[in-house]
**Q** 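Sharing a structure, written as structure tokens. Questions coming.
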Amino acid sequence: MSVGAFPSRFVRYSLRKPCNICYKPPQTCRRRFGSKFKMAEDQDKKLVHAIETESGPIYFSRATQISQKDAASFSTPKEFPDFAVFYSVSAYRSKNPRVNDIRANSRLLGDIGNNLGPEHALLHGFSFIPEQPDTFRKQFFILSPTVNEPLNRFVREMAVKFGQPEYFEHVLTEGKLLQTRVEVSDGGTRHEEEEMMTVEPPPCHPAFLHPDNNAVFHSYNRAMNILRECPDVEGVSELLSVASALVPGTFNVASLQEKCEHPVIVLEGLDATGKTTLTERLGKMLSAPVLQSPPPPIRHLREVFDSQPELIRRAYYTLGNYILAMQVAAEAQTRPVVIDRFWHSTTAYSIATEVGCGDESQLPPRGHHVYTWPSDLLKPHLAMLLMVNEASRGARLEGRGMGKTKEEIRLEKSVLFRKRLVEAYLRLENPSLQVVNASGSKEEVFASTVQEKAVSKAPATVTANANASIDRFLAPCNSR
Ligand SMILES: Nc1ncnc2c1ncn2[C@@H]1O[C@H](COP(=O)(O)OP(=O)(O)O)[C@@H](O)[C@H]1O
Ligand SMILES: Nc1ccn([C@@H]2O[C@H](COP(=O)(O)OP(=O)(O)O)[C@@H](O)[C@H]2O)c(=O)n1
């Protein structure tokens, strides 16, 4: 069930200027204490919630969290009706390994999708406590144009099913957003309504305030550990045993890097930008093998992992990159190597996905650690990003005539996702990507790649060895 099915006035809107959040404890508290839910209730007081919309997340918090000078009512979007009800629920549980929460949330999403009526809409969202960045948890908001007892019952059932102490009911009325926390014990104990107010977005998307909040991997061990937490997922035990067999437990990235006497060249870009075409030409010209990621020993598992939640899916691609790195180091001792997608792809797609909504302005700021190459992964000597205007890319996709993956369909439909993805690619660093205009003919792209743009401006990226390799690479190109 998508937002599209809900009256559009509920989801297209702009917000007035929000107020700043005050991180001090609230001055007044109208809650009752002493119940076994006190812990959850205390946490709830500090929570900032966010609903994802096309223009980015709307952050809001309890009015008692907001300083007096900034006090203002919830900035009601102008396209909103005078009255709306939202229920929010999550499957995250504290002390659960994060991957279990994420899997549970994905099951919850499936249940919601199977039970929503045409008058409802589903919006994704999240909550976090600003002083505790690892408290980030995803949640779902179900919107209804009226108070709706069957929907309320369904959300309560979901909260019970997924072991939650509570769910929230939000009522938007006459420019005020009122939140009621509903405990799921005893058929649902309702707590007094509290006013919610829009707050300033945090300086960085909360998914990137703590490394455990997102599906971007900066080490081999994190990917292995995440997968070890879910041995029951199809393909995991095979993936773990292949990775353990091919990536030595104590591999030393510096010595792998030293082995690469010849250039290691990576081509990156959105689908149908011409990566395969160009890697094949480069491969021929350099007598270099063209290696693809994910690599053959685990490629057959790709479809299985593509249907998993983002964290498990990217752990798979991450292990693929490390397995490939072993093969690259072996090959590059004797000849150049060309790679069709590597860590830049895994990371840019993951960042763009985790940000969830809005355009590139929602990405973590340039220079954020999330954009940095992992210290334990072999670095290419040259990495290029093929950029093609959307009209040509669309025509090439059509021309290729292959079935599209879910991600490709998303890319095609979502201009915003594409903007986040391209900008995420451009922010990756050490090594950063050399941009190649790949809109011309195959001949032109090949010529500009090898003769002018990317190669002649190749950064002296890694070691002295690498510099020598790039020089050797340039020689045959320039003589053509
Ligand atoms: N420079 C180009 N001009 C026109 N068509 C191209 C060009 N490069 C590739 N193509 C065509 O576009 C399609 C996608 O190219 P491909 O190399 O498979 O892209 P990718 O590997 O990035 O998905 C293929 O049909 C290919 O023949
Ligand atoms: N190293 C890699 C390679 C691919 N991928 C994922 O795989 C998707 C597409 O790979 P693909 O081989 O089908 O790409 P194209 O040849 O269609 O451009 C990317 O969009 C990424 O989501 C990744 O995460 N990491």
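All ligand and atom numbering here is 1-based and tracks the order in the structure. Throughout, numbering of the chain's residues begins at 1 and tracks the sequence.
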**Q** So among P364, S361, P57, which one has a side chain to side chain contact (heavy atoms under 4.5 Å, CB included) with V355?
**A**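 With V355 as partner, side chain to side chain contact (heavy atoms under 4.5 Å, CB included) holds for just one option, P364.
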**Q** Below 4.0 angstrom from a heavy atom of D271, which ligand 2 atoms are there? Numbered from 1 as shown, please.
**A**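 Ligand 2 atoms under the 4.0 Å threshold to D271: 17 (O), 18 (O).
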**Q** Show the protein residues that qualify under the rule heavy atom under 4.0 Å from an atom of ligand 1, listing them in chain and number order.
**A**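 Its neighbours under 4.0 Å (heavy atoms only) are L270, D271, A272, T273, G274, K275, T276, T277, R396, R400, G440, S441, K442, V445, given by chain and number.
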**Q** State whether the shortest distance between N or O atoms of F342 and N or O atoms of ligand 2 falls below 3.5 angstrom.
**A**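 Among all N and O atoms of F342, at least one is under 3.5 Å from an N or O of ligand 2.
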**Q** One pair to check against side-chain contact (heavy atoms from CB on, under 4.5 Å): V337 and H262. What are the steps and the verdict?
**A** CA-CA 8 Å; V337 175; H262 295 262; over 6 Å; no
**Q** Can you find a non-hydrogen atom of R314 under 4.0 Å from ligand 2?
**A**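 True for this residue.
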**Q** Does some non-hydrogen atom of R313 fall short of 4.0 Å from ligand 2?
**A**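 The answer is yes, since R313 has a heavy atom less than 4.0 Å from ligand 2.
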**Q** Is the H205 to F126 ring centre distance short of 6.0 Å?
**A**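 They qualify: ring centres under 6.0 Å apart.
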**Q** So do V89 and F168 actually touch side chain to side chain, heavy atoms under 4.5 Å?
**A**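 No - every pair of side-chain heavy atoms lies 4.5 Å or more apart.
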**Q** Quick check: does N321 get an N/O under 3.5 Å from an N/O on ligand 2?
**A**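 Yes, N321 has an N/O under 3.5 Å of an N/O on ligand 2.
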**Q** Within a distance under 4.0 Å of any heavy atom of S293, pick out the atoms of ligand 2 and give their elements.
**A**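 Numbered from 1, ligand 2 contributes 1 (N), 2 (C), 3 (C).
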**Q** Which pairs with one or both residues in residues 229-242 pass salt bridge (charged side-chain N to carboxylate O under 4.0 Å, His left out), sequence neighbours excluded?
**A**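 Every pair satisfying salt bridge (charged side-chain N to carboxylate O under 4.0 Å, His left out) with a residue in residues 229-242: R103-D232.
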**Q** Any salt bridge linking E331 with R335? Criterion: basic side-chain nitrogen under 4.0 Å from a carboxylate oxygen.
**A**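 Looking at R335 together with E331, the answer is yes, because their closest N to O distance falls below 4.0 Å.
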**Q** Does only the side chain of W343 get under 4.0 Å from ligand 2, or the backbone, or both, or neither? Count heavy atoms.
**A**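 Neither; nothing of W343 gets under 4.0 Å from ligand 2.
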**Q** Apply the test salt bridge (charged side-chain N to carboxylate O under 4.0 Å, His left out) to residues K161 and E157: give CA-CA distance (whole Å), side-chain angles for both, the deciding distance (0.1 Å), then the verdict.
**A** CA-CA 6 Å; K161 177 171 175 183; E157 266 169 39; over 6 Å; no
**Q** For residues F251 and Y220, establish whether the separation of their ring centroids is below 6.0 Å.
**A**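 Close enough - the centres of the two rings lie under 6.0 Å apart.
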**Q** Who gets closest to atom 7 (O) of ligand 2 by heavy atom: R302, R341, E310, R299?
**A**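 Answer by nearest heavy atom: R302.
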**Q** Would H49 and Y59 count as a ring-ring contact (aromatic ring centres under 6.0 Å, His included) here? Give the steps.
**A** CA-CA 6 Å; H49 299 265; Y59 292 89; over 10 Å; no
**Q** Are N225 and R222 close enough that a side-chain donor and a side-chain acceptor fall under 3.5 Å?
**A**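 There is no such pair between these side chains.
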**Q** Does only the side chain of K275 get under 4.0 Å from ligand 2, or the backbone, or both, or neither? Count heavy atoms.
**A**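 Side chain only.
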